[in-house]
Amino acid sequence: MKPFLKWAGGKRWLFESGQFSLPEMRGNYFEPFLGGGAVFFENQPKNARLSDANSKLIELYVAIRDELEQFEKLISKHARNHSKEYYYKVRATKCTKPVTRAAQFLYLNRTCYNGLYRENLKGQFNVPIGTKEKVVFESDDFPAWSKALKKTVLKSIDFETAIDDAQAGDFVFVDPPYTVRHNLNG
């Protein structure tokens, strides 16, 4: 199952190229840098503990898992109204309900420049509109994604806290965001 979200550093390519598979697991599966969730969706391990420090990202997963019908209505509305003017209006809107923020998050991810996620110092999403016209794809299967997420624990927490919960027999997939020293970014 492919992820619904494009995310920088995504691992979808690992599975498409056949270069990676998970070992057999006895305990829980932990993924503390969830991002697009390619590893989780490809393997759909039982007893998954998925987390990320980005609370808006986790809110999206929770909405698809727990409020699917309302989420689908909202993302369909975004799809019907998509235009340059609409994109910037939605980008500037401060949504108050979690499911509304989740649909806004996916809409912006799918229509912004190259699927980037970036916020300014005020915590505002600031990526310009991209070239994609489609918001909802024929291959989208939100009910299947929702079902895959039903037995997961989703938390917005720091990776160290998530890893601290792991015990003997658990599998922790750790693929942290990275910096490149030669680009002078840390």
Side-chain angles (χ1 to χ4, degrees), residues 1-17 19-67 71 94-106 108-110 112 114-127 145-186:
M1 177 182 296
K2 292 185 179 182
F4 52 82
L5 186 67
K6 183 176 182 180
W7 202 253
K11 298 297 171 264
R12 184 182 310 185
W13 65 272
L14 278 174
F15 299 104
E16 290 173 351
S17 67
Q19 295 181 41
F20 182 79
S21 63
L22 291 184
E24 220 171 289
M25 290 176 275
R26 295 181 287 125
N28 294 313
Y29 170 82
F30 286 81
E31 191 168 346
F33 298 101
L34 182 57
V39 176
F40 167 76
F41 284 118
E42 177 69 25
N43 295 280
Q44 296 181 44
K46 294 180 174 135
N47 304 317
R49 308 291 187 257
L50 309 174
S51 58
D52 201 285
N54 185 327
S55 61
K56 293 173 187 169
L57 175 68
I58 295 301
E59 198 169 62
L60 170 61
Y61 282 92
V62 170
I64 289 172
R65 182 189 69 189
D66 299 344
E67 298 185 72
F71 176 83
K94 186 165 175 75
C95 300
T96 56
K97 294 174 70 178
V99 69
T100 307
R101 281 192 303 267
Q104 177 190 40
F105 188 97
L106 187 61
L108 293 173
N109 172 265
R110 287 186 168 187
C112 74
N114 213 20
L116 293 175
Y117 183 84
R118 181 183 68 211
E119 293 182 352
N120 62 20
L121 293 174
K122 294 179 183 177
Q124 300 163 325
F125 182 80
N126 66 353
V127 180
W145 289 314
S146 180
K147 184 178 178 184
L149 291 166
K150 286 292 185 205
K151 295 181 180 178
T152 65
V153 174
L154 289 160
K155 292 183 180 178
S156 177
I157 55 176
D158 181 76
F159 76 95
E160 290 182 71
T161 304
I163 291 172
D164 284 346
D165 288 343
Q167 300 175 4
D170 291 342
F171 180 81
V172 182
F173 180 78
V174 182
D175 178 39
Y178 57 89
T179 61
V180 182
R181 293 187 78 161
H182 70 271
N183 285 343
L184 304 175
N185 68 349

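Counting begins at 1 with the first residue of the sequence. Here the structure is a predicted model, which means the values were calculated and not measured.
The two residues S55 and S156 have their closest heavy-atom pair at CA-OG, 3.2 Å. What you find for G36 and P3 is that their closest heavy atoms are O-CB, 3.0 Å. Here the closest non-hydrogen pair linking L60 and A102 is CD1-O, 3.4 Å. The shortest non-hydrogen separation linking P32 to V174 is CG-CG2, 4.3 Å. Taking every heavy atom of both residues into account, V127 and C112 meet most closely at CG1-CB, 3.7 Å. Across every non-hydrogen atom of E59 and P98, the tightest pair is OE2-CB, 3.6 Å.
Here the OH atom belonging to Y61 is positioned 4.0 Å from the CG atom belonging to L34, to the nearest 0.5 angstrom. The CG atom of N43 sits 6.5 Å away from atom OH of Y29, with the distance rounded to the nearest 0.5 Å. Annotation: the span from W145 atom CH2 to K2 atom NZ amounts to 10.5 Å, rounded to 0.5 Å. Residue N54 holds its CG atom at 4.5 Å from OH of Y117, rounded to the nearest 0.5 Å. Atom NZ in K151 sits 7.5 Å away from atom NZ in K46 (nearest 0.5 Å). Atoms CZ and CG, on R110 and L108 in that order, are 12.5 Å from each other to the nearest 0.5 Å.
Without hydrogens or angle criteria, D52 side chain to I58 main chain gives no donor-acceptor distance under 3.5 Å. Judged by distance alone, the side chain of K150 and the main-chain N or O of R65 form a donor-acceptor pair under 3.5 Å. In terms of modelled atom types and a separation under 3.5 Å, the side chain of N114 and the main chain of L116 share no donor-acceptor contact. The backbone N or O of K122 sits less than 3.5 Å from a side-chain atom of N120, completing a donor-acceptor pair. Judged by distance alone, with hydrogens and angles left aside, the side-chain atoms of N109 form a donor-acceptor pair with the main-chain N or O of K6 at under 3.5 Å. Not one N or O on the side chain of R49 forms a donor-acceptor pair closer than 3.5 Å with the backbone of E31.
In this structure, the ring of F173 has its center no less than 6.0 angstrom from the ring center of F40. The six-membered or imidazole ring of F125 lies away from that of F105, with a centre-to-centre distance of 6.0 Å or more. In this structure, F30 has its ring center at least 6.0 angstrom away from the ring center of F159.
Salt-bridge annotation for K56 and E119: present, with a side-chain N of the basic residue lying under 4.0 Å from a carboxylate O of the acidic one.
Among residues at least two apart or in separate chains, there is no side chain to side chain donor-acceptor pair (under 3.5 Å) pair with a member in residues 161-172.
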